[in-house]
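Please read the structure below before turning to the comments.
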Amino acid sequence: MKFTLQAQDKLSSARAGVLETAHGNIETPIFMPVGTAGTVKAVHQHELVNDIQAQIILGNTYHLYLRPGLDVLQKAGGLHKFNGWDKPILTDSGGYQVYSLTEVRKIREEGVTFRSHVDGSKHLFTPENVMDTQRIIGADIIMAFDECTPYPCDYNYARRSLDMTHRWLKRCCDRFDSTQPLYGYDQTLFPIVQGSVYKDLRAKSAEVIASFEREGNAIGGLSVGEPAEEMYAMTEVVTNILPKEKPRYLMGVGTPINILENIALGIDMFDCVMPTRNARNGMLFTQNGIINIKNEKWKDDFSPIEAESDLMMDQIYNKAYLRHLIRSQEILGAQIASLHNLHFYLWLVKQAREKIVEGTFYDWKEKMVKILGQRL
């Protein structure tokens, strides 16, 4: 993997770059649609490529390990062959999913034992077998196994957790470096900065993670309930320490405003379930603000879903019709709304990239942040 910085904003830390992987190049800043179980919910692959113009998607180790299982994925030749996506894939290590299974998991130095949410069966994730699992899944970028602390989090717990995450990282790197990719192309391992909302812990973690000198770095444990200001403060601490010549991935973030503010702090890569999850509940993100399409005011509004959008679905279908579909729980409603939101997110980061290259990012960002939070 190779990362090249192409432009830097003068009034912020925003940057534009290109990430080269075995399955193609990714122009940053970028948003990665979440395909947890090998699929971006309600979206076809050709729509991801042609309508949304996604350059990379996310898979999840925990979910893919449980279903369809590693034997099926290995027989298929990896996730790319299994789901028919020939562009880059990133896999989350499952640390966040295990964190969210509070009632059915135990964390020890060896790793994490947990019970499957599918059938209650017992499993063990260790730094070593999570590396092996991600080798089998075959993603271009794989994540280290870490513990994602909750919010709020006691300082001493956060410190102990952080130290264990760093010990686990050493084990991840040793296993990754002593094994080979299975399908004839390179994979890249990103470590994850933790430390909850404590500046000294975040700084310590960023320094430790940077010392491993991997090809890219991630920031985890944010967007778990803390105020946005805390998120931005922690991100700024970390981006001031992580090497500038390597890509930075902020995991699980976030709203359109979160994304713009974090781009300004020097983040290159984002993922979040929000565009698709909110779409299924009728929330649309647009260039003029947020629409709750279930509201009565759209009942007889026959204007396009978003007149300014170049997405065909936004022009073909009107607001009243989409409202009818969502309220009737028709599958097509979830499909149209998901396409719309993902297209908007990819449009937003593409615009941000263009503004960084032009040298006008900061003023544009300040203007957009005021608009995007409006309820229409």
Side-chain angles (χ1 to χ4, degrees), residues 24 26-35 39-58 83-88 254-260 263 269-295 297-298 301-355 364-365 367-369 371-376:
I26 302 157
E27 293 188 329
T28 64
I30 192 65
F31 179 82
M32 304 179 281
V34 176
T39 169
V40 178
K41 280 189 172 57
V43 180
H44 292 104
Q45 307 293 32
H46 70 86
E47 292 169 327
L48 279 171
V49 174
N50 300 323
D51 299 327
I52 295 164
Q53 296 175 352
Q55 299 177 47
I56 174 172
I57 62 171
L58 207 87
N83 72 356
W85 175 259
D86 62 2
K87 291 177 181 289
T255 67
I257 291 172
N258 292 159
I259 287 174
L260 290 185
I263 288 173
M269 304 166 71
F270 301 88
D271 80 284
C272 190
V273 297
M274 188 174 278
T276 44
R277 179 178 289 167
N278 289 24
R280 296 192 297 275
N281 293 315
M283 180 186 278
L284 306 181
F285 298 100
T286 78
Q287 297 175 36
N288 298 304
I290 299 166
I291 291 174
N292 180 350
I293 202 69
K294 289 181 178 176
N295 287 350
K297 68 186 290 186
W298 311 114
D301 185 329
F302 305 112
S303 64
I305 293 170
E306 186 170 13
E308 298 89 346
S309 168
D310 63 0
L311 178 68
M312 184 178 66
M313 300 284 181
D314 285 341
Q315 304 303 324
I316 292 175
Y317 299 113
N318 62 62
K319 293 185 184 78
Y321 180 60
L322 180 56
R323 178 181 184 273
H324 157 69
L325 293 177
I326 294 284
R327 287 179 64 86
S328 305
Q329 297 186 319
E330 284 288 339
I331 292 170
L332 181 59
Q335 289 177 296
I336 294 168
S338 297
L339 265 173
H340 166 86
N341 278 353
L342 286 171
H343 175 270
F344 170 76
Y345 267 63
L346 269 295
W347 171 85
L348 187 67
V349 292
K350 188 177 180 183
Q351 285 286 300
R353 177 184 167 80
E354 287 174 6
K355 302 300 180 187
W364 171 81
K365 186 268 292 183
K367 181 186 79 176
M368 290 302 290
V369 162
I371 294 169
L372 295 177
Q374 295 177 151
R375 297 275 172 165
L376 301 178

First locate atom OH of Tyr345, then atom CD1 of Ile52, and finally report the distance between them rounded to the nearest 0.5 Å.
13.0 Å

Say whether, by atom type as modelled, one donor and one acceptor occur between the side chain of Arg280 and the main chain of Ser338 under 3.5 angstrom.
no

Look up atom CZ in Arg375 and atom CE in Met283, then write down how far apart they are to the nearest 0.5 Å.
4.0 Å

Heavy-atom closest pair, residues Pro33 and Val40
CB-CG2, 4.0 Å

If you compare all heavy atoms of Leu348 against all heavy atoms of Met368, which two are closest, and at what distance to 0.1 Å?
CD1-CE, 4.4 Å

Any idea which heavy atoms bring Lys319 and Ser303 closest together, and the distance?
NZ-OG, 2.8 Å

What one should report as the nearest heavy-atom pair of Ala54 and Trp85 is O-CH2, 3.8 Å

Atom OG of Ser309 and atom CG of Leu339: how far apart are they, to the nearest 0.5 Å?
10.5 Å

From Asn341 CG over to Leu346 CG, what is the distance, rounded to the nearest 0.5 angstrom?
11.5 Å

Test His343 against every option in Asp310, Asp314, Asp51 by the side chain to side chain donor-acceptor pair (under 3.5 Å) rule and name the one that passes.
Asp310

Heavy atoms only: give me the nearest Arg327-Lys294 pair and the separation to one decimal.
NH1-O, 3.5 Å

Going by side chain to side chain donor-acceptor pair (under 3.5 Å), Asn288 matches just one of Glu306, Gln374, Glu308. Which one?
Glu308

Measure the spacing between CD1 of Ile336 and CD1 of Ile326 and express it to the nearest 0.5 Å.
8.0 Å

Where the side chain of Asn318 meets the backbone of Ala320, is there a donor-acceptor pair that is under 3.5 Å apart?
yes

Is a side-chain N or O of Asn258 found less than 3.5 angstrom from the main chain of Thr255, in a donor-acceptor match?
yes

For the pair Arg353 (side chain) and Thr28 (backbone), establish whether a donor and an acceptor sit closer than 3.5 Å, ignoring hydrogens and angles.
yes

On a heavy-atom basis, the closest approach of Phe285 and His340 is O-NE2, 2.7 Å

